[in-house]
*Asks:* 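So that we are looking at the same thing, I have put the structure below in structure tokens.
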Amino acid sequence: MNAASHRYWLMKSEPDECSIDDALAAPDRTVPWTGVRNYQARNFMRDGMQVGDGVLFYHSSCPAPGIAGIARVASGPRPDPTQFDPASPYHDAASRPEAPRWLLRDVQAVRKTRLLPLAELRAHPGLAEMLVLQRGSRLSITPVDPVHWALIADGLLAGR
DNA sequence: GCCAACGTTGGC
DNA sequence: GCCAACGTTGGC
């Protein structure tokens with residue numbers, strides 16, 4: 001799997017922290033994707049993403065988990081400032097400013113969609129291979145196959 | 001609140 | 001390098 005070849009991603013956010021509505025209300029509809037503390041997810045942000053890539057904005061750890069909107073990658077990688085903030089739940093005392101361990105991307109909301117529930121994703125035969133649906137999958141950022149993107153963004157969520 | 005599954009830590 | 005213990009994720 002060539003990490004630089006993906007054009008589409010699914011990114012999980014807890015809506016209590018940052019919902020699709022929060023992103024749409026932010027300046028330039030853009031939010032810094034703070035708090036990723038998993039190396040695989042970090043590496044996707046560092047090495048895999050390109051500005052303009054499509055993002056499925058997923059609400060997790062909430063009463064109605066599922067895809068809540070469409071967004072796009074809006075910046076290159078840069079250090080996540082919360083790692084250096086002792087007051088932040090994402091503080092990492094072992095990370096040095098001269099060698100930041102954690103990175104983020106800016107993510108720009110494109111549109112809110114209907115809530116596409118996790119159960120509906122699971123029920124769709126064409127989406128069975130989606131990484132986020134695999135048993136035990138916990139990664140907060142996963143690449144999305146272009147076929148899956150088309151089924152969701154241009155199909156299930158088209159115009160909604 | 002439960003718990004399956006995964007990632008990280010740290011002793012050896 | 002192994003692997004048990006522990007912490008976290010996240011749906012239900």
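Numbers restart at 1 for each chain; the letters A, B, ... are given by sequence-line order, proteins then strands.
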*Asks:* Do any N or O atoms from the side chain of A/Arg101 and from the backbone of A/Ser95 form a donor-acceptor pair under 3.5 angstrom?
*Replies:*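 The answer is no, because no donor-acceptor pair under 3.5 Å joins these two groups.
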*Asks:* Inspect the contact between A/Arg37 and A/Asp92 and indicate whether a charged nitrogen and a carboxylate oxygen are less than 4.0 angstrom apart.
*Replies:*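 Here A/Asp92 does not pair with A/Arg37 in a salt bridge, since their nearest N and O are not under 4.0 Å apart.
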*Asks:* In this structure, how many angstroms lie between the C1' atom of C/dG7 and the CG atom of A/Asp92, rounded?
*Replies:*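 My rounded result for the distance is 15 Å.
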*Asks:* A/Trp33 vs A/Phe57 aromatic rings, parallel, tilted or perpendicular, using cut-offs 30° and 60°?
*Replies:*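 A/Trp33 vs A/Phe57 ring planes: perpendicular.
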*Asks:* Is there a path of hydrophobic side-chain contacts, each under 4.5 Å between heavy atoms, that joins A/Phe84 and A/Val36?
*Replies:*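 No, because A/Phe84 and A/Val36 fall into different hydrophobic clusters, even though each may have its own neighbours under 4.5 Å.
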*Asks:* Checking A/Ser19 against A/Asp22: is there a side-chain donor and acceptor pair closer than 3.5 Å?
*Replies:*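 Yes, a side-chain donor-acceptor pair sits under 3.5 Å.
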*Asks:* Dump the pairs, protein N or O against N or O of nucleotides 8-12 of chain C, anything under 3.5 Å, distances to one decimal.
*Replies:*
{"residue": "C/dT8", "atom": "O2", "partner": "A/Arg138", "partner atom": "NH1", "Å": "2.5"}
{"residue": "C/dG10", "atom": "OP1", "partner": "A/Lys12", "partner atom": "NZ", "Å": "2.9"}
{"residue": "C/dG10", "atom": "OP1", "partner": "A/Arg138", "partner atom": "O", "Å": "2.6"}
{"residue": "C/dG11", "atom": "OP1", "partner": "A/Tyr58", "partner atom": "OH", "Å": "2.9"}
{"residue": "C/dG11", "atom": "OP2", "partner": "A/Ser61", "partner atom": "N", "Å": "3.0"}

